[in-house]
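If you're wondering where the values come from, they're calculated on a predicted model, not measured in any experiment. All heavy atoms count here, side chains included; hydrogens, waters and symmetry mates do not.
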Amino acid sequence: MKSSWLSKAASMAQAAQEAAKEAAEKAAKEAAKLQKEATAAASGWAQGAEWLLQVPGDAGDAGDASRDLRFEEGPLGFELEGARVVAIEAEGQADRLGLRIGDRLLAVDDDVIPAPPPEDSPAEADLRVKRLIRKWIKNKPRPVSLRFSIDQGSVPNASGSPG
């Protein structure tokens, strides 16, 4: 009887050790994943800050400038791919304000658009940035101020005017 009790206790101890080992391995994997995500996020924010500091008025980018456009209630009248303007609705707010295809959204009411994590594919990066921008614009009261970099090679807006 004593040997069966000892055998059972030894079995339980071994099972507990295996469970503890599995839990430790799972925790280590989760910690590594979180560390990777934190590093990527910090890198993305740093890249975004670096990019933003270079865009408006950087001496090396004499052709680039930025401007704030104030959007009222209703549809904004433009489409983005990532933060870049890819379409403008004729006679919409963006068209009337002179936004041009190729301009890049830099900030929503002074909230700077961060760069996506570097491990994102270009498609994932564009989608991540577009979702963030959509969320920020939706949650801001109108009128909302959007800061754009002006791409000197951009095309005229929807109504054909140079912007």
### Message
Quick check: closest heavy atoms across P114 and L132, and the distance to 0.1 Å?
### Response
CD-CD2, 3.4 Å
### Query
Checking side-chain contact (heavy atoms from CB on, under 4.5 Å) for the pair R147/D110: CA distance, chi angles, key distance, verdict?
CA-CA 8 Å; R147 181 173 303 123; D110 295 323; 2.9 Å; yes
### Message
Can you confirm whether more than 12 heavy atoms, excluding those of R131, are under 6.0 Å from its CZ atom?
### Response
no
### Message
Would you say CD of Q14 has more than 12 non-hydrogen atoms from neighbouring residues, nucleotides or ligands within 6.0 angstrom?
### Response
no
### Query
Closest heavy-atom contact between R142 and G74?
NH1-O, 3.0 Å
### Query
Does atom CD of E124 have more than 12 heavy-atom neighbours, drawn from other residues, nucleotides or ligands, at distances under 6.0 Å?
yes
### Message
How close do P116 and R128 get, counting heavy atoms only, and between which atoms?
### Response
CB-CD, 4.3 Å
#### Entry: Closest non-hydrogen atom pair between V129 and A83, with its separation
CG1-N, 3.8 Å
### Distance, nearest 0.5 Å, that separates CG of L105 from CD1 of I113
4.5 Å
### Query
Looking at V85, L106, D68, which one forms a side-chain contact (heavy atoms from CB on, under 4.5 Å) with F148?
V85
### Rounded distance (nearest 0.5 Å) linking atom CG of D103 with atom CG of L146
12.0 Å
### Task
Show your reasoning for whether side-chain contact (heavy atoms from CB on, under 4.5 Å) applies to L80 and R104.
CA-CA 9 Å; L80 295 173; R104 184 181 241 359; over 6 Å; no
### Task
For the pair D126 and R84, find out whether any cationic side-chain nitrogen is under 4.0 Å from an anionic carboxylate oxygen.
no
#### Entry: Full working for side-chain contact (heavy atoms from CB on, under 4.5 Å) between E73 and Q93
CA-CA 10 Å; E73 287 294 329; Q93 284 192 74; over 6 Å; no
### Task
Determine the minimum heavy-atom distance between G82 and I133, stating which atoms define it.
O-CD1, 3.8 Å
### Closest non-hydrogen atom pair, V86 against E81
CG1-CB, 3.5 Å
### Residues W136, D109; criterion side-chain contact (heavy atoms from CB on, under 4.5 Å); working and verdict
CA-CA 9 Å; W136 283 1; D109 275 345; over 6 Å; no
#### Entry: Shared hydrophobic cluster, L127 / V108 (ILVMFWY, side-chain heavy atoms < 4.5 Å)
no
